[in-house]
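Quick note on labels: first sequence line is chain A, next is B, and so on, each numbered from 1.
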There are 2 protein chains.
Amino acid sequence: MKPTDKAGMKYTNQRVEILAFLREHDGHPTVDEVYDGVRQKLTRISKATVYKNLKFLTEKGLLEEVNVKGVSRFEANFIPHHHLICRECGSMEDFNSEQLLDYSMKIAEEIEGFTIVSTSTNFYGICKKCKESKKSEEPKKSGESEDEI
Amino acid sequence: MKPTDKAGMKYTNQRVEILAFLREHDGHPTVDEVYDGVRQKLTRISKATVYKNLKFLTEKGLLEEVNVKGVSRFEANFIPHHHLICRECGSMEDFNSEQLLDYSMKIAEEIEGFTIVSTSTNFYGICKKCKESKKSEEPKKSGESEDEI
DNA sequence: TGTTAAATAATAATAAATATCATTTAGTAA
DNA sequence: TTACTAAATGATATTTATTATTATTTAACA
C-alpha cells in the first residue's frame, strides 16, 4: 500500500481483524461468513462496518471481490491464480498454474486498446463432492437428443 | 435444450423477447438494461417477469450470469470466450482466443477430482475510454515506494 | 375449442447494501 | 502526554435488489 493512499486511513481493530480473517481463510468467504468469523474476536462489531470495510479494502486494492452464483465472495490472495468453480454447488477453490498465467499474459500483450494488468482463468465443472452425491441419484434416461429453441 | 426439459415449459412472448434481446446484445446487459430493452417491444412487461425469466433461463442453461463490481450481467453467447474487464468502470467485453481455450483445456485435463467442462479467462485492466478520461486528471506525484501493512 | 398447468402483471414482502448520525478512536502534533 | 481532528464505528433508518404472492391470462395440447 502506497503512503499517499495511507493518508487519512486508520488501522482500526475492526479493519485489521477483517483483513486478518480474509488472509487466514482462503475459502472465499461471503460477507456473512466474514461477519461471523470476525465476531468471534470482536463480538460487538456491526455488520455495516463489515460491509463498509470490505468495500473500502476492495477499493484500496487489498481485497478482491469475486462472485459466484449471485453471491459476493472476498479474498486476500493477490498471488495471481485461477479458480475451480462448481456449477452445481457454487463452491470455489484456488488453483495455481504458472504456465497458464504466462500464456495468458503473453496473449494479453497483443490486445489493443485495453491495457491488461492481470488475468485469471475460471475452470467450470463439477467438484468431487457433487460428483459423489450425484451417483446416488436416479440415472438419466437414454435416447435424448439436442434440440434448440 | 433437451425435450425432457421442455416439458411444461412455455414459450411466451416475454420469454422469447428476453432471450432474443440477449442474443442481439452481446454487451452483457444488467437486469435493468434487459428490462428497458425488452420494454421497447413489450411495453407492459413486469420487472418481476424479467427477473424470473433471467433466473429461469440461466437455470435451464440458455443464459450465463456474470458479475462485475457487484452487478449481475447476462449473456447468451455460449461459444466459449474470454472477457476484458475494466477495473475502473466495470465494463466488460468479449474476447476470443481459440489458442487460449485450447491451452486452458489442456491444463484442465490434468486437474484431479474436479471435472472441468469449460474455461474462461478474465483479463483485468483499464479500457480505452477510462484511459483517455484519466489523462485529463492530475498526474500523480513521483517518489512513491511500496509499503505493506 | 376446452382444459389445465405454467406464466404474467401488479404488488407485497424479504433480503442485501448503503446512508445517516451521534459517539468513539487512531493518528498527529503541540 | 495531552489535545485536536478527521476518520471510523455502531446502531439504526433508508434505499435498492430480489423474491414471493395471487388473481388473471395464456400456451400447449388432447
Report summary line: Between CZ of Phe56(A) and P of dA19(C) the distance, given in whole Å, is 15 Å
Query - Separation of atom CD1 in Ile18(B) from atom C1' in dA9(C), rounded to whole Å - result: 13 Å
Report task. Please work out whether the ring planes of Phe21(A) and His25(A) are parallel, tilted or perpendicular, with thresholds of 30° and 60°. Result -> parallel
Report summary line: Between CD of Glu33(B) and P of dA17(D) the distance, given in whole Å, is 12 Å
Query raised in the report: What is the distance, rounded to the nearest whole Å, between atom CG of Asn13(B) and atom C1' of dT25(D)?
Result: 12 Å
Query raised in the report: With respect to the phosphate group of dA26(C), does any side-chain polar atom (N or O) of Arg15(A) fall under 4.0 Å of OP1 or OP2?
Result: no
Query raised in the report: When the ring planes of His82(A) and Phe95(A) are compared, do they come out parallel, tilted or perpendicular, using 30° and 60° as the limits?
Result: tilted
Requested in this report: Taking only the side-chain heavy atoms of Gln14(A) (C-beta and beyond), determine which of dG10(D), dA16(C), dT18(D) contains the nearest atom.
Outcome: dG10(D)
Query raised in the report: Just how far, in rounded Å, is P of dA12(C) from NZ of Lys47(B)?
Result: 17 Å
Requested in this report: Output the single nucleotide from dG10(D), dA17(C), dA9(C) whose closest atom is nearest the side chain of Thr49(B).
Outcome: dA9(C)
Query raised in the report: Is any side-chain nitrogen or oxygen of Tyr51(B) closer than 4.0 Å to OP1 or OP2 of dT18(D)?
Result: yes
Report task. Would you indicate what Lys55(A) reaches in the nucleic acid, counting non-hydrogen atoms under 4.0 angstrom: base, sugar-phosphate, or nothing? Result -> sugar-phosphate
Query raised in the report: Of the nucleotides dT18(D), dT25(C), dA27(D), which has the atom closest to the Lys10(A) side chain?
Result: dT25(C)
Query raised in the report: Parallel, tilted or perpendicular for Tyr103(B) and Tyr103(A), by the 30°/60° rule?
Result: parallel
Requested in this report: Could you tell me the separation between the CE atom of Met9(B) and the C1' atom of dT26(D), rounded to a whole number of Å?
Outcome: 15 Å
Query raised in the report: Which whole-number value in Å describes the distance from Tyr11(B) OH to dA7(C) C1'?
Result: 13 Å
**Report entry** Cation over ring face, Arg39(A) and Tyr35(A), 6.0 Å, 45°
**Finding:** yes
Query - Residue mapping more 5' on DNA chain D - nearest nucleotide basis, Thr12(B) or Glu65(B) - result: Glu65(B)
Query raised in the report: Closest nucleotide of DNA chain C for Lys52(A) versus for Val31(A): which of these residues is on the 5' side?
Result: Val31(A)
Query raised in the report: Nearest-Å distance, CD1 (Ile45(A)) to P (dA8(D))?
Result: 14 Å
Query - Pairwise distance CG(Asn13(B)) to OG1(Thr49(B)) - rounded to 0.5 angstrom - result: 12.0 Å
Requested in this report: Using a 4.0 Å heavy-atom cut-off across all strands, classify Asn53(B) as base, sugar-phosphate, or nothing.
Outcome: sugar-phosphate
